[in-house]
Number of protein chains: 2
Amino acid sequence: MDEHLLKINSIIEQLDGETLSALEAVSKIKTYKKGDFLLYQGEVCRYSFWIESGIARKFYLNENKELTTELLFENDLAVAFSSYVTQQPSQEFIQAVTDVRVSSIDNSSFQRIKGQFSALMELDLLMTEYYTMWLEKRLFDFHTLDASTRYSQLLRDQPNMIQQVPLTYIASYLGISLETLSRIRAKIKY
Amino acid sequence: MDEHLLKINSIIEQLDGETLSALEAVSKIKTYKKGDFLLYQGEVCRYSFWIESGIARKFYLNENKELTTELLFENDLAVAFSSYVTQQPSQEFIQAVTDVRVSSIDNSSFQRIKGQFSALMELDLLMTEYYTMWLEKRLFDFHTLDASTRYSQLLRDQPNMIQQVPLTYIASYLGISLETLSRIRAKIKY
DNA sequence: CATGGCATTTGACTTAAGTCAAATAATCAG
DNA sequence: CTGATTATTTGACTTAAGTCAAATGCCATG
């Protein structure tokens, strides 16, 4: 899976000048303050947001509770996937966890240049594949690991995340209540 | 999401003769008997299996329990996604639930012709997108719905599935124990 | 048409995690 | 600094679903 990231990077590095300038032409830098929304539920996700700096999260509401589906850092791509692909209203919100700086690309523009520059089509596929494998792993983990193990793994794999993101978001990202997370942490702390 | 299927179909219908014959050249019909394995855990998923007839399932083992991740019917595509994409050993098995007839395409051949016929690249992307949206929905359902509601939805959306597939598989597909499923069914039956 | 082998159901009990409420701890604006 | 707001922890209790064991139903075949 990490090799997949290398593959993506190598394609990006090998993009020819023409493709790059086409990309730049449709990209726009935007900034958001902590707490701002990049996308609201019910809105169509017309942009993909490439995070230049800061942290963002995707979440949805279920019975007045927020469920964080993804936490995004520098060089991650923030999109409400289904909405972006179908151009139907999004179930998910995208919100800035810290101040955030993104490079955003409008969907229709990207569709257009994707047809002209085949490297972009390939890139789109590779990035979608990466997200899909990430989703598969997430589903797998929810089925096979208990709350405590999921937390330990996160601690091991993304130790930075726990420091930079409030526990409420971590808890809902792990699919557990804040209280349960707190208890897990109490046990694990030596 | 259903419109996405239409899009996929329309692309397939519009494939030009050259592309089609390239596809046919790399496709091979295979048949499996009920219970046979199309793919074993630990094996690399070198083929994608387009189901012509019959039912297949994907599952993995966790603590000696099978967890069914997907049930596949006519015109579905059976692949152990992560393994297929990375060409690394698969966590998942693919097994024939009934006698099955598939059209299989070898990964490396497909990669090759994908580079030559851009419609295939697009098709690959669209089908991956479809699977990704399906996965997102599955994850969403696991988080927001209890076992009973998940079953009712399945009953509503794929009533045929319940008739044609043993309850053990249905239960593990729903992420619940066989006993729980049985109790849910006892309640729902009027 | 009996019988052994699956598939499904039922019962009794356990458990991981949730909920609601309250207590601390940390942070931040004035 | 200091009070207020927000974040985290702790406690007591509930609950959905799991587990283990046993009973029943359902065929398929010899």
Side-chain angles (χ1 to χ4, degrees), chain A residues 33-36 55 57 59-68 71 95-99 138-155 161-190, chain B residues 33-36 55 57 59-68 71 95-99 138-155 161-190:
Chain A
K33 292 236 165 284
K34 174 176 174 172
D36 282 357
I55 305 174
R57 67 173 184 131
F59 72 97
Y60 57 81
L61 288 173
N62 182 243
E63 293 172 357
N64 303 314
K65 286 204 161 69
E66 298 183 355
L67 207 151
T68 300
L71 286 161
Q95 187 184 27
V97 173
T98 63
D99 288 0
R138 187 166 156 82
L139 201 45
F140 184 87
D141 286 350
F142 274 114
H143 279 316
T144 57
L145 310 175
D146 61 15
S148 172
T149 313
R150 291 205 299 280
Y151 176 71
S152 308
Q153 272 200 13
L154 189 64
L155 203 55
M161 187 188 285
I162 280 100
Q163 270 119 47
Q164 300 172 275
V165 176
L167 289 183
T168 326
Y169 299 161
I170 302 278
S172 85
Y173 177 62
L174 290 170
I176 60 185
S177 71
L178 182 57
E179 295 93 325
T180 298
L181 177 57
S182 178
R183 289 183 178 109
I184 287 169
R185 285 161 58 83
K187 274 197 189 167
I188 285 182
K189 244 175 250 157
Y190 24 95
Chain B
K33 292 236 165 284
K34 174 176 174 172
D36 283 356
I55 305 175
R57 66 172 184 133
F59 72 97
Y60 57 81
L61 287 173
N62 183 242
E63 293 172 357
N64 304 312
K65 288 207 159 69
E66 298 183 354
L67 208 152
T68 300
L71 287 161
Q95 186 184 28
V97 173
T98 63
D99 288 359
R138 186 164 157 83
L139 201 44
F140 184 87
D141 286 350
F142 273 115
H143 279 317
T144 55
L145 310 175
D146 62 15
S148 171
T149 314
R150 291 205 299 280
Y151 176 72
S152 308
Q153 272 200 13
L154 190 65
L155 202 57
M161 187 188 286
I162 279 99
Q163 270 118 48
Q164 300 173 274
V165 176
L167 288 185
T168 326
Y169 300 162
I170 302 277
S172 85
Y173 178 62
L174 290 170
I176 60 184
S177 71
L178 182 57
E179 295 93 326
T180 298
L181 178 56
S182 178
R183 289 183 178 109
I184 287 169
R185 285 161 58 83
K187 273 197 188 166
I188 285 180
K189 244 176 249 155
Y190 23 96

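Keep in mind that the numbers below use all heavy atoms, side chains included, and drop hydrogens, waters and symmetry copies. So you know, we letter chains A, B, ... as the sequences are listed, proteins then strands, and number each from 1. From a predicted model like this one, the values you see are computed outputs, not experimental measurements.
- One interatomic measurement links the two molecules: CG of Leu181(A) to C1' of dT19(C), which rounds to 16 Å at whole-angstrom precision.
- Side-chain contact between Gln164(B) and Ile55(B) is present, with at least one heavy-atom pair separated by less than 4.5 Å.
- Residues Phe142(B) and Leu174(B) share a closest heavy-atom pair of CE2-O, 3.2 Å.
- Base engagement by Leu178(A) is indicated by at least one non-hydrogen atom pair under 4.0 Å involving a base atom.
- The stretch residues 142-150 of chain B touches DNA chain D through Asp146(B), Ala147(B), each having a heavy atom within less than 4.0 Å of the strand.
- Checking dG18(C), dT10(C), dT9(D) against the side-chain heavy atoms of Arg183(B) singles out dT10(C) as nearest.
- Residue Ser177(A) places no side-chain N or O under 4.0 Å from the OP1 or OP2 atom of dA17(C).
- Between the P atom of dT15(C) and the CD1 atom of Ile176(A) lies a distance of 20 Å, rounded to the nearest Å.
- Separating the CD atom of Glu179(B) from the P atom of dG25(D) is a distance of 18 Å, rounded to the nearest angstrom.
- Counting to the nearest Å, the P atom of dA7(C) and the CD atom of Gln163(B) are 18 Å from each other.
- Residues Asn62(B) and Leu67(B) have side chains not in contact (no heavy-atom distance under 4.5 Å, counting atoms from C-beta outward).
- The two residues Lys34(B) and Val97(B) come nearest to each other via the heavy atoms CG-O, 3.3 Å.
- Atom-to-atom, CD of Gln164(B) to P of dA7(C) comes out at 17 Å; the value is rounded to the nearest Å.
- Straight-line distance from the CD1 atom of Ile184(A) to the C1' atom of dT8(D): 14 Å, rounded to whole Å.
- OP1 or OP2 of dT9(D) has at least one side-chain nitrogen or oxygen of Arg185(A) nearer than 4.0 Å.
- In this structure, Gln95(B) and Tyr169(B) have side chains that are in contact, with non-hydrogen atoms separated by less than 4.5 Å.
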Which atoms of nucleotides 23-28 of chain C (N or O only) lie under 3.5 Å from a protein N or O atom, and what are those distances?
none

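- Cation-pi geometry between Arg150(A) and Tyr173(A) is not met at under 6.0 angstrom from the ring centre and within 45 degrees of the axis.
- Rounding to whole angstrom units, CG of residue Leu167(A) and C1' of dA7(D) are separated by 8 Å.
- Remark: Thr168(B) is not in phosphate contact with dA7(C), judged by side-chain N or O atoms under 4.0 Å from OP1 or OP2.
- Using cut-offs of 30° and 60° for the angle between ring planes, the Tyr60(A) and Phe140(B) rings count as tilted.
- The shortest distance between side-chain heavy atoms of Ser152(A) and Ile184(A) does not fall below 4.5 Å.
- Going from atom CG of Asn62(B) over to atom P of dG18(D) covers 13 Å, rounded to whole Å.
- Contact annotation: the side chain of Arg185(A) approaches that of Leu181(A) to within less than 4.5 Å [non-hydrogen atoms, C-beta and beyond].
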